[in-house]
Amino acid sequence: NGVTLSPEDKLALQVHPKAVREEIKSNGTTQSVSFYATPGYKHKGIIVKRVTPTEGKVLQIAPKRMTGRYRIPEVLAVDGNLVAQQRLYGPDMLNIILRSPEAVGSLMMDAADWLKQFHGPVKEQHYDLGSTRAYRTFMNALVADTERFKRNGDFVRIGQMLEEKWKQKRPRSPIGLVHGDMSPIHVFYEDGNVYGIDFNASHEGPTNEDPGMFIGNANYHLACAGK
């Protein structure tokens, strides 16, 4: 019919010949994500996006270790760095917390159980705190804030304290696959199952990073929501 299909459209139609593209803004993501409705398919919708090598590796590893109700969205087709996945419609954990604060205990258990499976086989060992991704990310943010709020000496003192007292520490942690950006906005509920998404920051490292990241992100999002 003379219509030129994008690579995303072609992959979606490969998954389901009746896939219909929907124009939906994907807020809060650095990736371009295409959304499709798939009437009559086993999933009522799919997404197609380009993934980084890191995320591509996770999409290969994680499904083999996620069992029961703890999952990642099903990978349906791959063409180079273009991936078609199950689309999630259920609420994310943040929205459930905002609607039903009394459920926070069971939600935290779900997050912990999802992470336990995602981390996979782990081996506890010492590691250099200063070499972790979490430390580098925090210090980069601190440097930016120090420049932004030059009159606030607290940022300078925090940076000095971390460099002098914490960077050289060698704590112990299980070492395994780290999500890297664990957050209540990256955990979805659908059909009784718990799904984790967004693996751009995943890496091998101390898995204790994930609970800390989750708490920090949860506090940030709740504060933004006025809670």
Side-chain angles (χ1 to χ4, degrees), residues 22-35 45 47 49-52 54-55 58 70-73 85-116 118-119 129 132-159 161-162 166 178-190 193-203 205-227:
E22 298 181 338
E23 296 302 324
I24 298 176
K25 291 184 178 180
S26 180
N27 295 326
T29 179
T30 57
Q31 292 179 305
S32 175
V33 181
S34 300
F35 295 83
I47 64 169
K49 65 178 182 178
R50 295 191 183 278
V51 299
T52 63
T54 296
E55 185 163 17
V58 172
Y70 300 106
R71 308 179 179 190
I72 69 168
Q85 282 185 281
Q86 169 190 2
R87 178 177 169 185
L88 300 176
Y89 291 83
D92 64 38
M93 185 179 286
L94 178 65
N95 279 302
I96 298 176
I97 292 173
L98 293 175
R99 290 201 314 261
S100 306
E102 70 280 2
V104 69
S106 62
L107 297 174
M108 296 305 100
M109 290 300 298
D110 278 339
D113 289 340
W114 187 93
L115 279 173
K116 184 176 180 180
F118 182 81
H119 290 157
L129 183 63
T132 62
R133 188 187 191 107
Y135 182 88
R136 295 195 303 270
T137 299
F138 182 85
M139 290 302 293
N140 288 339
L142 186 63
V143 169
D145 283 341
T146 302
E147 180 63 25
R148 182 181 175 191
F149 303 103
K150 292 182 179 180
R151 296 182 181 180
N152 191 332
D154 290 342
F155 290 102
V156 175
R157 288 190 289 273
I158 291 171
M161 180 190 71
L162 289 171
W166 287 95
V178 178
H179 183 284
D181 193 16
M182 193 62 181
S183 169
I185 66 170
H186 294 152
V187 181
F188 280 74
Y189 285 79
E190 188 154 315
N193 299 313
V194 183
Y195 291 86
I197 65 167
D198 195 352
F199 308 110
N200 291 320
S202 294
H203 58 282
T207 58
N208 285 348
E209 287 184 26
D210 277 337
M213 179 69 74
F214 182 88
I215 293 170
N217 280 333
N219 285 333
Y220 169 78
H221 289 295
L222 289 171
C224 290
K227 301 297 183 179

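What you see is a predicted model; the values in this text were computed from it and never measured. Each residue takes its place number in the sequence, starting with 1.
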Could you tell me whether the side chains of Asn193 and Tyr70 share a donor-acceptor contact shorter than 3.5 Å? no
Given 3.5 Å as the limit, does a donor-acceptor pair link the side chain of Gln85 with the main chain of Pro73, or not? yes
Donor-acceptor contact below 3.5 Å, side chain His179 vs main chain Met213: no
Expected output: side-chain Glu190 to main-chain Tyr89 donor-acceptor under 3.5 Å = yes
Please check if the side chain of Ser100 supplies one atom and the backbone of Ile97 the other of a donor-acceptor pair under 3.5 Å. no
Taken to the nearest 0.5 Å, the spacing of Met93 CE from Ser183 OG works out to 9.5 Å
So salt bridge (Lys or Arg N to Asp or Glu O under 4.0 Å) across residues 89-103, not counting sequence neighbours, yields none
So CD1 of Ile72 and CZ of Phe118: to nearest 0.5 Å the spacing works out to 7.5 Å
Query raised in the report: Judged by atom type as modelled, is there a donor-acceptor pair below 3.5 Å linking the side chain of His203 to the main-chain atoms of Ala201?
Result: yes
dist Ile185:CD1 -> Asn95:CG (nearest 0.5 Å) comes out at 10.0 Å
- Can any side-chain N or O of Ser106 pair as donor or acceptor with the backbone N or O of Ala103 at less than 3.5 Å? yes
Interatomic distance, CE@Met182 vs CH2@Trp114, rounded to 0.5 Å, equals 5.5 Å
CD1 of Ile215 to CE of Met108, rounded to nearest 0.5 Å, is 9.0 Å
